[in-house]
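Structure first, then comments.
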Amino acid sequence: MTAGGQAEGVGADPASARQPSRVAKLVSALFYGTCSFLIVLVNKALLTTYGFPSPIVLGIGQMAATIMILYVSKLNKIIHFPDFDKKIPVKLFPLPLLYVGNHISGLSSTSKLSLPMFTVLRKFTIPLTLLLETIVLGKQYSLSIIVSVFAIVLGALVAAGSDLAFNLEGYIFVFLNDIFTAANGVYTKQKMDPKELGKYGVLFYNACFMIIPALAFSFATGDLQQATEFNQWKNVLFIIQFLLSCFLGFLLMYSTVLCSYYNSALTTAVVGAIKNVSIAYIGMLIGGDYIFSVLNFVGLNICMAGGLRYSFLTLRSQLKPQQPVDEENIPADLKD
């Protein structure tokens, strides 16, 4: 966590805070991609292979892990974020709602879709993020970026139209997850002022504000009872993977915030797209819930090619020397 704390240090240079180094950008992006890759595989095993019936309870476990890790780190002065005051909910809104919506919809869609279709449909996060960054943050993007986005959307539509394992509930959850993910990334970037809550404060208070409502919702819907009555709680391998998912949930949230802080919400979405390529093809071989068809496979590949092209354009521009300008007004990490 020390890398994430550098920008929040008392003696940090304001200019360097506005212009993070290319190493920091690259490391934070790789960290996010690795965490995102691992948690999808672990969650898929828990929710499909073991048949764990409660995505909400799994999300609550990840929130609890986040709260405990950050609070203990704060007590031991490893990290710093402000103590609670009545202005914090106003400062954070609407992030807690987006946070819990992102959590629950993501886990629910993972349990109901094959990994290839899940990863392809998750690519709709990219055009949604681009649209929101244009509206909320006033950013502009090149024609090459827009063409790549069109290829992603076209491929996803072709794949979805020929999905032989179509699951309406899964599709609804994954599209909700796309919306929540895009909005969460954009508003996290907007709210993450080191002089206010900072990276760790955003993570900690998001989890604190939403864990009780999530528990209440889980109890009211019977989700919590199904989880407590699950027959695998004596299985050591299941418990290890459940705890690993909780820890990875914290790492994913932390790495998402870190990547958005050093890069942009759109760069974070692009790194997720690169990760999704490997997950999509791995998912054809594991999980047992992907049904092959030629048209679906063609759509998957169009979408993946668009995502890779999009990622190449973005990451290539990341390696270009940065000009000493305000990156909030001129998106240097996305200029073609």
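Residue numbers start at 1 and run along the sequence shown. Side chains are part of it too, since the values below use all heavy atoms of this structure and drop only hydrogens, waters and symmetry mates.
For F219, the CZ atom is loosely surrounded, since the number of other residues' heavy atoms within 6.0 Å does not exceed 12. Counting non-hydrogen atoms of neighbouring residues, nucleotides and ligands closer than 6.0 angstrom, the CZ atom of F175 exceeds 12 such neighbours. Within 6.0 Å of CZ on F238 lie more than 12 heavy atoms contributed by other residues, nucleotides or ligands.
Annotation: side chain of Y254 is not in contact with side chain of L70 (no heavy-atom distance under 4.5 Å). In this structure, the side chains of F84 and P89 come closer than 4.5 Å at one or more pairs of heavy atoms. Side chains of I39 and Q62 form a contact here, defined as non-hydrogen atoms less than 4.5 Å apart. D223 has its side chain out of reach of F217: every pair of non-hydrogen atoms, C-beta onward, lies at least 4.5 Å apart. The closest side-chain heavy-atom distance from F242 to V42 is not below 4.5 Å. Looking only at side-chain heavy atoms (C-beta outward), L224 and S54 stay at 4.5 Å or farther from each other.
Looking at every heavy atom in both residues, L251 comes nearest to C35 through CB-SG, 3.8 Å. Heavy-atom minimum distance, P127 versus V149: CB-CG1, 3.5 Å.
Separating the CE atom in M63 from the SG atom in C208 is a distance of 11.0 Å, to the nearest 0.5 Å. Interatomic distance, I88 CD1 to Y205 OH, rounded to the nearest 0.5 Å: 4.0 Å. Atoms NZ and CG, on K25 and L258 in that order, are 13.0 Å from each other to the nearest 0.5 Å. Once rounded to the nearest 0.5 Å, the distance linking CG of L248 with CG of L243 reads 11.0 Å. Rounded to the nearest 0.5 Å, atoms SG (C246) and CD1 (I60) are 10.5 Å apart. Taken from OG1 in T66 to CZ in F247, the straight-line distance is 10.0 Å, to the nearest 0.5 Å.
Hydrophobic clustering of Ile, Leu, Val, Met, Phe, Trp and Tyr side chains at less than 4.5 Å, counting indirect connections, keeps V72 apart from F250. A continuous path of hydrophobic side-chain contacts links L244 to L237 [ILVMFWY only; heavy atoms under 4.5 Å]. Note on F173: it does not cluster hydrophobically with I179, by side-chain heavy-atom contacts below 4.5 Å among ILVMFWY residues. M68 and L203 are assigned to two separate hydrophobic clusters, defined by single-linkage of ILVMFWY side chains at heavy-atom distances under 4.5 Å. Hydrophobic clustering of Ile, Leu, Val, Met, Phe, Trp and Tyr side chains at less than 4.5 Å, counting indirect connections, unites V57 with I239.
A donor-acceptor contact shorter than 3.5 Å is absent between the side chain of S36 and the backbone of Y32. Side chain of T49 to main chain of L46: no donor-acceptor pair is present (N/O by atom type, distance under 3.5 Å, no hydrogens or angles). Formation of a donor-acceptor pair under 3.5 Å by the D85 side chain with backbone atoms of K87 is found in this model. Without hydrogens or angle criteria, T221 side chain to S218 main chain gives a donor-acceptor distance under 3.5 Å. Not a single donor-acceptor pair under 3.5 Å links the side chain of S245 to the backbone N or O of Q241.
The aromatic ring centres of F230 and Y50 sit 6.0 Å or more apart.
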For this session: Test K74 against F81 for side-chain contact (heavy atoms from CB on, under 4.5 Å), laying out the working first.
Result: CA-CA 7 Å; K74 178 179 169 68; F81 54 85; 3.3 Å; yes
